[in-house]
Amino acid sequence: MILLQQQFSLKQFNTFGIETFAEYFTELHSANDINEIATLPYKKYILGGGSNILLCTNINGIVIHNAIKGITITKEDTKYVWLNVMAGEIWHDLVLYTIDKGWGGLENLALIPGTVGAAPIQNIGAYGAEVKNVIDSVCCWHWEEKKWITLSNSDCHFGYRDSIFKNSLKDKTLVCSVVFKLKKQPDFNITYNILGNELKNRAIKELSVKAIADAVIHIRTQKLPNPKEIGNAGSFFKNPTIALSQYIALQKQFSDIPHYPIDTDHVKIPAGWLIEQCGFKGYITGHTGVHKNQALVLVNYGNATGYEIIELAEKICSTIKNKFGILLEMEVQVWK
Ligand code: EPU
């Protein structure tokens, strides 16, 4: 039997720490609870760790906090282990669990805030790795079809911070569990410069998943604000992809513009660099601002509203459009 709460404050349930209210709120502790919730005639909003959302208004409908826990090995062979993980598990706890076992695949993704259920939705990524590389399948409840569906990795249409769950299945499903396929003999991905340099500085004798995760945790702790201290949702914008021809033209004017090749015709530009070049790094306005160590992160210094943060984001976007001709896209999902 689920507990339905009314006029529920969401302040503790979003890492931006913004106060808005849900008309109804409930917490899921077992997959069976879904059958009961499915019969309720309210619009449904699914909340994991609340680390990638921006709340702008009160929510008319039911906010469902997925807290279903459990990690089980479903299959293994000499090379791989398949782990079925329930959506309410804390992402970083899962990473630590796999590192303790010595399994490879999640080490570069250490300390990302949020829950396991949110990981496939935006295909979380960091330091040269993306979760799509280790997802075998995703099991969800389909609200309209009123049935369980299992999507294979290719069914999920993963892209950069993107998946089917942000497109044709947007608001249509509740991710209940994810199967990860992890390597028993890990191969290491340390091509991302910042990570490679950190490992060099540490003079690691023997590379391991633990050594990589420790380095990632150190880098993230230095650069990214802890949401428990300053409200934020990690990267606010995606790193934009532009045509190679546009990059070459920009390089004539801004010779040190960083870029990562995507394919023969496109490159990705770090949005943090663009924002910093426009003088916004460390900028504060009212209760909001741009973090002083990582310009891609917008922060709530006090009692900011979602609209104040949107206003700052719009100001940043228009300044960058004017200076570089590049349109930034938000990574954070806005609830309004
Ligand atoms: N940069 C600046 N100024 C800044 C920040 C970055 O100039 O204030 C430039 C520098 O050239 C730097 C480059 O951007 O070398 C890359 O910076 P960083 O390694 O910090 O990564 P990012 O591109 O800013 C992305 C992800 C992060 C992820 C890191 C590490 C996106 C939108 N963000 O940021 O993900 O942790 O790479 O892999 O792709 C998140 O999604 O919430 C997140 C934090």
Side-chain angles (χ1 to χ4, degrees), residues 14-16 48-54 91-92 95 106-115 118-133 158-163 166 189-199 212-213 215-227 230-242 247 250-251 254-262 267-283 289-299 309 313 316-317 320 323-324 326-333:
N14 70 103
T15 58
F16 256 125
S51 59
N52 201 44
I53 54 166
L54 179 63
W91 175 261
H92 185 58
V95 174
L106 304 188
E107 60 279 6
N108 295 43
L109 305 177
L111 214 61
I112 294 183
T115 54
I121 295 176
Q122 63 148 354
N123 181 24
I124 56 170
Y127 308 104
E130 283 183 311
V131 76
K132 70 169 187 180
N133 300 334
F158 289 122
Y160 166 59
R161 296 295 195 278
D162 201 23
S163 73
K166 283 173 98 172
N189 175 358
I190 53 167
T191 48
Y192 199 87
N193 273 346
I194 295 171
L195 176 59
N197 292 341
E198 177 60 30
L199 286 160
I212 293 178
V216 167
I217 289 169
H218 177 77
I219 301 167
R220 290 189 76 95
T221 313
Q222 300 280 306
K223 273 202 168 179
L224 296 165
N226 180 348
I230 307 174
N232 76 89
S235 300
F236 194 89
F237 301 101
K238 291 184 186 182
N239 284 334
T241 295
I242 62 170
Y247 166 71
L250 281 168
Q251 212 190 16
F254 307 98
S255 58
D256 59 345
I257 183 169
H259 74 291
Y260 313 107
I262 297 292
V267 299
K268 205 182 263 184
I269 309 290
W273 184 87
L274 298 169
I275 299 169
E276 185 172 344
Q277 294 304 305
C278 290
F280 282 111
K281 196 166 182 173
Y283 175 78
V290 176
H291 193 250
K292 62 180 185 345
N293 297 337
Q294 166 51 292
L296 200 44
V297 178
L298 302 193
V299 293
I309 291 170
I316 292 171
C317 283
I320 286 176
K323 184 165 175 152
F324 297 101
I326 296 176
L327 196 59
L328 289 187
E329 196 188 322
M330 280 165 49
E331 192 202 289
V332 166
Q333 303 281 293

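Treat the numbers as computed from the prediction; the structure is a model and nothing was measured. Ligands are counted one by one from 1 in listed order, and the atoms in each one are counted from 1 as well. We're numbering straight along the sequence, starting at 1.
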Look up atom 10 (C) of ligand 1 and tell me if a protein heavy atom lies less than 4.0 Å from it?
no
What protein heavy atom lies closest to atom 35 (O) of ligand 1? Include the residue and the distance to one decimal.
Arg161 NH2, 2.9 Å
Is the shortest distance from a heavy atom of Arg220 to ligand 1 less than 4.0 Å?
yes
Where does the angle between the aromatic ring planes of Trp273 and Phe324 fall among parallel (under 30°), tilted (30 to 60°) and perpendicular (over 60°)?
tilted
Can you tell me which residue and heavy atom of the protein come closest to atom 25 (C) of ligand 1, and the distance to 0.1 Å?
Asn239 ND2, 4.1 Å
Considering only heavy atoms, does Ala126 approach ligand 1 within less than 4.0 Å through its side chain, its backbone, both, or neither?
both
Test item, Tyr260 contacting ligand 1 (heavy atom, 4.0 angstrom)
yes
Looking only at distances, can you tell me whether any N or O atom of Ala295, backbone or side chain, sits closer than 3.5 Å to an N or O atom of ligand 1?
yes
Suppose we measure from atom 37 (O) of ligand 1 to each protein heavy atom; which comes out shortest, and what is that distance?
Tyr192 OH, 3.6 Å
Taken to the nearest 0.5 Å, the spacing of Leu250 CG from Ile326 CD1 works out to 5.5 Å
Counting heavy atoms only, which part of Tyr160 comes closer than 4.0 Å to ligand 1: side chain, backbone, both or neither?
side chain
Which residue holds the protein heavy atom closest to atom 42 (O) of ligand 1, what is that atom called, and what is the gap in Å?
Ser235 N, 2.8 Å
Heavy atoms only: which of His291, Gln277, Glu276 lies closest to atom 4 (C) of ligand 1?
Glu276
Measure the distance from atom 1 (N) of ligand 1 to every protein heavy atom, then report the residue, atom name and distance (to 0.1 Å) of the closest one.
Trp273 N, 3.6 Å
